[in-house]
Protein chains: 4
Amino acid sequence: MLKKVPTTVKDEQLIKMRRNQMVKGAVNLFKQKGFHKTTTREIAKASGFSIGTLYEYIRTKEDVLFLVCDYIYEHVKERMESAIDTNKRSIASLYDAVTSYLQLMDDMQDEVIVMYQEVKSLPKEAQEYVLQKEKDMVLMLEKVIQNSLPYEIPAQDVKLVANNIFVQGQMWGFRRWILQKDFSIQQYIERQLHFLFQSLNIEQEQAVQQDIQ
Amino acid sequence: MLKKVPTTVKDEQLIKMRRNQMVKGAVNLFKQKGFHKTTTREIAKASGFSIGTLYEYIRTKEDVLFLVCDYIYEHVKERMESAIDTNKRSIASLYDAVTSYLQLMDDMQDEVIVMYQEVKSLPKEAQEYVLQKEKDMVLMLEKVIQNSLPYEIPAQDVKLVANNIFVQGQMWGFRRWILQKDFSIQQYIERQLHFLFQSLNIEQEQAVQQDIQ
Amino acid sequence: MLKKVPTTVKDEQLIKMRRNQMVKGAVNLFKQKGFHKTTTREIAKASGFSIGTLYEYIRTKEDVLFLVCDYIYEHVKERMESAIDTNKRSIASLYDAVTSYLQLMDDMQDEVIVMYQEVKSLPKEAQEYVLQKEKDMVLMLEKVIQNSLPYEIPAQDVKLVANNIFVQGQMWGFRRWILQKDFSIQQYIERQLHFLFQSLNIEQEQAVQQDIQ
Amino acid sequence: MLKKVPTTVKDEQLIKMRRNQMVKGAVNLFKQKGFHKTTTREIAKASGFSIGTLYEYIRTKEDVLFLVCDYIYEHVKERMESAIDTNKRSIASLYDAVTSYLQLMDDMQDEVIVMYQEVKSLPKEAQEYVLQKEKDMVLMLEKVIQNSLPYEIPAQDVKLVANNIFVQGQMWGFRRWILQKDFSIQQYIERQLHFLFQSLNIEQEQAVQQDIQ
DNA sequence: TATGAATGAGCCTTCATTCAT
DNA sequence: CATGAATGAAGGCTCATTCAT
């Protein structure tokens with residue numbers, strides 16, 4: 001499962017730092033012009049070092065994209081994990097999970113858009129690696145759903161609902177020009193929660209109250 | 001709203017034919033390798049004519065992408081319009097609309113994926129043109145929802161639900177590797193409808209029965 | 001045995017012409033600066049067309065080198081074949097063969113030097129292809145030797161003598177700075193023939209006289 | 001005639017050691033991939049120190065090649081000188097010289113090949129320096145020939161024969177794939193001596209017997 | 001109209017060399 | 001003295017686009 005991008009440089013500390021610079025710079029560029037229209041020189045410049053130095057930390061341009069995707073997912077996953085307790089057995093935990101997730105998708109709009117528009121440019125192997133991370137995230141949502149509901153529902157339905165939530169998170173960024181004209185993120189979260197709970201036959205008040213306690 | 005791609009050729013009939021060949025060939029290529037990794041030569045070859053001829057019918061490579069997007073949307077819209085009556089005032093019409101839409105998204109998976117992964121490669125102007133068509137489609141869904149519901153709901157909620165449905169259609173193609181392992185398209189439609197109606201506080205049986213009548 | 005360099009261009013006539021231009025230009029450059037220090041842009045310019053056009057007729061820079069080697073050997077072989085009758089059974093034919101061969105090596109000094117200094121830069125497969133052609137040439141010499149001698153000599157010795165002659169031809173170009181100070185090509189040929197015949201226990205006069213008849 | 005490669009380091013002892021390491025490593029690499037395809041980093045690694053250290057002992061990459069060539073010739077010359085007495089006035093000394101020389105060329109095949117394929121990559125000045133050493137060697141052979149022969153022969157012929165022998169030595173390495181299939185080095189030496197003596201009108205037995213005495 | 005050879009800007013990548021630590 | 005991270009000039013190659021036939 002480990003997928004390492006080879007380096008010429010040996011100092012692990014330095015690698016981490018430089019790659020952080022890279023990801024930062026690259027995300028910005030990819031956001032604006034997409035992966036293909038972004039030059040390696042531009043990436044280097046945006047990262048604050050020369051083209052030569054860039055290539056001390058990666059092998060190919062695609063490595064940059066991979067690093068970006070990896071970074072984003074790692075970040076997202078981390079935040080999700082610290083925000084969500086997949087084992088708590090109450091509606092409130094679903095409420096919290098969805099709230100945190102959508103909030104996160106708001107915070108990381110740009111990154112997420114970049115990722116979803118460019119994964120297909122990754123080499124097959126890297127694509128699968130990223131896909132796996134995505135699956136992991138959906139799985140987290142599935143677990144929360146399963147554990148929160150006061151009744152049993154078919155595994156298939158759990159999957160569907162989890163995927164729906166997941167995609168609604170992405171949609172907030174992707175369809176920003178349409179949605180963010182009419183909704184603030186708070187409103188968006190509130191209404192999505194409303195329909196979610198409604199569709200699951202749950203009184204939303206329960207969730208909120210449990211949460212407050 | 002008109003967005004014309006200029007040509008050297010005069011014969012309108014011929015233009016139509018040639019461009020159809022182009023779109024056919026290009027969609028296939030874009031599907032496999034994406035817009036950027038597809039060369040104009042490949043497009044010409046897949047279209048059945050020479051690179052020189054290709055450039056008699058377009059101005060730039062991006063024109064091909066635009067033509068593809070345009071074609072897809074035209075197709076989708078056409079089928080949606082013939083399948084949906086936005087004015088019928090019953091739950092059944094929402095049921096029908098969602099069913100038709102999801103079915104359509106199943107039929108046109110590849111095309112839709114191509115479109116959504118590559119629009120950002122379009123020049124700004126063209127992007128907006130395509131975006132508008134998308135908006136039109138969501139609007140259709142909004143209308144159906146508004147007219148079908150036996151009660152009033154806030155415009156915002158209508159928008160949200162329409163967008164959710166819209167995205168669930170795209171997700172069927174985008175997340176095929178995950179979803180189509182567990183669902184047939186019929187099952188997918190059925191369960192999505194189930195949760196949709198549940199979230200709208202509507203007995204699904206009503207819809208089905210109305211439909212049969 | 002066929003080893004074809006792929007092209008984008010279809011017109012066989014044109015390919016031949018352009019490649020001739022290429023080989024001409026490239027040999028000159030390789031002669032001066034060696035393969036590695038010669039730029040593809042320089043090759044293009046020396047060939048009289050643009051870098052883009054160059055790459056319509058080859059796939060990689062190494063292809064140019066291969067084309068050069070191929071051209072040289074084809075040329076050499078052709079001239080050797082037209083000058084030598086491997087079946088004539090007299091000393092004179094050996095005399096003629098060596099004379100023609102050394103004369104040829106004088107004419108094609110530059111080309112031969114280029115070839116021998118750069119074959120190792122060819123990809124393995126191409127290297128073997130060229131090596132084979134070289135073997136063919138040595139084989140020609142072997143045949144002539146075998147058929148000309150009035151007595152039997154061991155196959156091994158035939159090989160050795162053929163190789164010696166072959167290398168003496170190359171040496172005339174390679175060691176030009178040393179040899180061509182002291183010898184004209186006629187003198188060189190005359191003395192090498194002298195020692196060759198001496199080493200084979202043959203009166204040189206026989207050969208010359210037979211030849212005159 | 002002195003050609004010094006400048007250094008940052010002062011300690012002569014150290015310089016010698018480090019450069020020995022360098023030559024050792026470099027020869028191996030050049031043998032496998034040629035001078036141009038070998039990187040300075042690879043040379044440094046093969047030498048057992050860092051790229052920074054490498055550049056403490058040389059000024060440019062070409063210096064490494066020069067050092068290699070220099071080393072090889074020094075080695076070859078040394079062995080030749082210890083094996084050959086250019087003043088002994090008997091056929092046996094020619095016999096010995098050729099034998100030693102060809103044996104040496106067998107021992108140092110790789111090095112010799114490297115040298116001859118890469119000298120042209122040396123800067124002009126260095127090329128001449130190496131060429132001179134080569135001339136010295138041929139001169140040694142010339143002297144031996146002159147002194148061994150029981151009769152006078154023209155200076156030109158001496159040169160030619162010396163050059164022939166010299167090139168036959170190189171050919172053993174260069175044409176190894178062809179020759180070493182049919183000959184052991186002993187056989188090769190024996191047959192070349194045979195033809196050499198024959199061409200010089202000398203009974204080989206004389207040489208051998210003289211040698212034994 | 002159709003063709004396909006020609007063009008060259010521009011991209012990714014390498015690698016010899018330097019220099020601060 | 002030794003190290004190795006940083007640099008950027010330069011090279012190989014691609015591909016959208018043009019234009020003469």
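Throughout, a chain's letter reflects where its sequence line sits, starting with A, and its residues are numbered from 1. Source: prediction; values computed, not measured.
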Does the side chain of [X] pick up a donor-acceptor pair with the side chain of [Y] at under 3.5 Å?
X	Y	result
C:Tyr129	C:Asp70	yes
D:Arg59	D:Thr7	no
C:Tyr116	C:Glu111	no

Out of [options], whichever nucleotide has its closest atom nearest the side chain of [X]:
X	options	result
B:Ile51	E:dT3, F:dA5, E:dG4	E:dG4
C:Ser50	F:dC13, E:dG8, E:dT17	E:dG8
B:Leu14	E:dA2, E:dA6, F:dT7	E:dA2
D:Thr40	E:dG10, E:dA16, F:dT17	E:dA16
D:Asp11	E:dA16, F:dC1, E:dT14	F:dC1
B:Thr39	F:dA16, F:dC13, E:dT1	F:dA16
B:Lys61	F:dA6, F:dA16, E:dG10	F:dA16

- Assert: residue with more 5' nearest nucleotide on DNA chain F, out of A:Gly52 and D:Tyr57, is D:Tyr57
- Query: If each of A:Thr53 and B:Glu62 is mapped to the nucleotide of DNA chain F with the nearest heavy atom, which maps nearer the 5' terminus, i.e. the 5' end?
  - Reply: A:Thr53
Could you tell me how far apart [X] ([atom1]) and [N] ([atom2]) are, to the nearest whole angstrom?
X	N	atom1	atom2	value
C:Gln21	E:dA6	CD	P	9 Å
B:Tyr55	F:dA20	OH	P	18 Å
B:His36	F:dT14	NE2	C1'	14 Å
D:Ile43	F:dG4	CD1	P	18 Å
C:Lys10	E:dA6	NZ	P	14 Å
D:Leu29	E:dC15	CG	C1'	15 Å
B:Glu56	F:dT21	CD	P	16 Å
C:Glu42	F:dG11	CD	P	7 Å

- Base paired to E:dA5 (Watson-Crick or G-U; both N/O distances under 3.5 angstrom): F:dT18
- F:dC13 pairs with, by Watson-Crick or G-U criteria that keep both distances under 3.5 Å: E:dG10
- Residue met sooner reading DNA chain E from 5', once A:Lys37 and C:Phe49 are mapped to nucleotides: C:Phe49
- Message: Using only modelled atom types and a 3.5 angstrom limit, is any donor from either the side chain of C:Arg41 or the base of F:dG11 paired with an acceptor on the other?
- Response: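 Looking at the base of F:dG11, it does not pair with any donor or acceptor on the side chain of C:Arg41 (distance under 3.5 Å).
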- Over all atoms of both residues, closest heavy-atom pair of A:Ile58 and A:Val5: CA-CG1, 4.2 Å
- Task: To the nearest 0.5 angstrom, please state how far the OG1 atom of B:Thr8 sits from the OH atom of B:Tyr57.
- Result: 9.0 Å
- With a cut-off of under 6.0 Å to the ring centre and 45° to the axis, is D:Lys61 in cation-pi contact with D:Phe66?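 Ring-cation test returns no.
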- Does C:Arg18 put a side-chain nitrogen or oxygen below 4.0 Å from OP1 or OP2 of E:dA6? yes
- Message: Applying a 4.0 Å non-hydrogen cut-off, can you work out what D:Thr8 is touching in the nucleic acid: base, sugar-phosphate, or nothing?
- Response: nothing
- Query: Counting any heavy atom closer than 4.0 Å, what does A:Thr38 reach on the DNA or RNA strands: base, sugar-phosphate only, or nothing?
  - Reply: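 The answer is sugar-phosphate, as A:Thr38 gets under 4.0 Å only of primed atoms, P, OP1 or OP2.
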